[in-house]
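What you see is a predicted model; the values in this text were computed from it and never measured. The analysis underlying the following values was restricted to heavy atoms, covering all of them including side chains, and did not include hydrogens, waters or symmetry mates.
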Amino acid sequence: MIKRVSWLCAVLVGLGASAANAQQVKDASRAAARDLGYAGVESYQAGDYEAAFGKLDKAYRVLQVPSLGLWSARALVKTNRWVEAAERFRQVAALEVKGGDVGVQEQAKRDAQQELDALLPRLPRLVVRLRGPSTANASVSVDGEAISSALLGEPFPANPGKHVVRGQLDGQEATENVVLAEGESRDVALSFGPASTPAVGTAPAAAPLVTSSPPEPALDAHPSRARAIVGWALLGTGAAGVALGATTGFIAIGKKSDLESSDACRNHSCLPVKQSDVDSYNSLRTVSAIGLYGGAALAAAGLVLVITAPKHTTAPSTAGLSFTLSPSGGSVSGRF
């Protein structure tokens with residue numbers, strides 16, 4: 001309670017000094033500023049710093065005395081507007097005090113300087129750099145506020161929290177989001193490419209003359225060859241399947257003979273002690289059937305493709321020359 005009374009007294013003293021030094025201010029304005037000063041300090045004490053700043057800032061603009069400026073700067077600090085608070089502290093520390101309780105106002109100026117000195121090391125710093133072939137005409141803004149080109153590449157203070165850095169150049173736009181913590185220094189680079197429009201009077205570059213040889217024909221350029229290759233592949237796979245089926249079939253026949261001659265098996269039924277042998281026989285029989293029937297089907301399909309593929313006879317090329325025979329005659333072609 002004592003602290004609250006001292007705050008209010010400081011504001012009231014400031015108002016009295018202003019009345020003595022600015023006679024042009026009307027009584028109604030002084031009364032309104034006095035009420036705002038009371039309300040602003042009370043809002044600050046209650047923790048409503050946004051409302052406190054609004055009231056104290058209005059009062060300070062009417063009566064620029066150190067006490068009101070000091071408390072409005074403190075409210076700015078509480079709302080994370082540290083850059084604005086630093087400027088207000090500087091302004092308060094430089095105010096000239098005339099009349100009123102000079103001691104109280106001088107103390108407010110000293111407090112403003114001390115709190116400014118404590119705030120400056122806590123201010124985050126932001127460095128904006130531009131990358132590209134030519135960025136002289138780029139415009140840069142931070143949170144919508146234009147940044148002088150003289151400050152690019154140099155650290156400048158910023159409030160803690162999230163910021164949007166945006167740059168524009170020749171129709172291009174680059175944007176970076178950055179979050180600054182207390183005392184942090186961050187570099188933000190905006191990258192731009194070359195100008196998208198060609199210079200006036202510059203003719204477009206001519207397309208290079210293609211002098212290389214045409215590429216070799218792809219496999220699908222000769223459907224007969226592709227069909228024959230697929231046919232031989234199926235034929236080979238089918239033959240392998242038949243071989244596998246035959247091999248496993250012989251093994252299965254031997255396994256069945258062993259089971260039939262065993263005392264543990266009678267009338268196509270075996271005791272549990274032979275269950276693993278029975279399972280092995282059934283697996284071999286299944287593999288054999290798949291290999292024989294599947295391999296035969298694949299081999300048959302491959303054989304049909306090979307037999308029905310159109311014939312295309314080309315003599316092997318020698319030293320870049322080839323000789324092709326066809327019903328209409330022959331031709332010689334070369335590659336140099």
Side-chain angles (χ1 to χ4, degrees), residues 174-177 189 191 193 196 205-336:
T175 303
E176 291 290 339
N177 296 323
S191 299
S196 57
L209 179 63
V210 178
T211 58
S212 59
S213 301
E216 291 291 329
L219 181 62
D220 56 4
H222 300 283
S224 60
R225 185 185 304 174
R227 186 169 182 173
I229 290 174
V230 173
W232 282 112
L234 291 176
L235 190 59
T237 304
V242 171
L244 175 64
T247 301
T248 54
F250 285 124
I251 297 174
I253 291 173
K255 182 71 71 174
K256 179 180 179 183
S257 178
D258 293 340
L259 290 172
E260 289 177 345
S261 62
S262 175
D263 294 336
C265 298
R266 292 289 185 275
N267 298 326
H268 304 289
S269 179
C270 297
L271 296 176
V273 70
K274 287 292 185 178
Q275 186 61 45
S276 62
D277 292 337
V278 173
D279 292 340
S280 177
Y281 165 70
N282 289 331
S283 298
L284 290 170
R285 187 176 62 175
T286 301
V287 172
S288 176
I290 293 174
L292 289 173
Y293 293 113
L298 290 174
L303 184 60
V304 171
L305 289 176
V306 171
I307 293 175
T308 59
K311 304 303 180 197
H312 184 79
T313 304
T314 302
S317 62
T318 302
L321 296 176
S322 63
F323 182 69
T324 304
L325 292 176
S326 65
S328 59
S331 64
V332 178
S333 61
R335 198 168 55 238
F336 301 91

| Main-chain N/O of D279 paired to S283 side chain as donor or acceptor, under 3.5 Å | yes
Can you tell me how far apart [atom1] ([X]) and [atom2] ([Y]) are? Round to the nearest 0.5 Å.
X	Y	atom1	atom2	result
L303	L298	CG	CG	12.5 Å
F250	T247	CZ	OG1	8.0 Å
N177	T175	CG	OG1	7.5 Å
K256	N282	NZ	CG	11.0 Å
L292	T248	CG	OG1	6.5 Å

| Heavy-atom pair with the smallest gap, counting every atom of S261 and D258 | OG-O, 3.0 Å
| Residue pair S191 / A174: nearest heavy atoms and the distance that separates them | O-CB, 3.8 Å
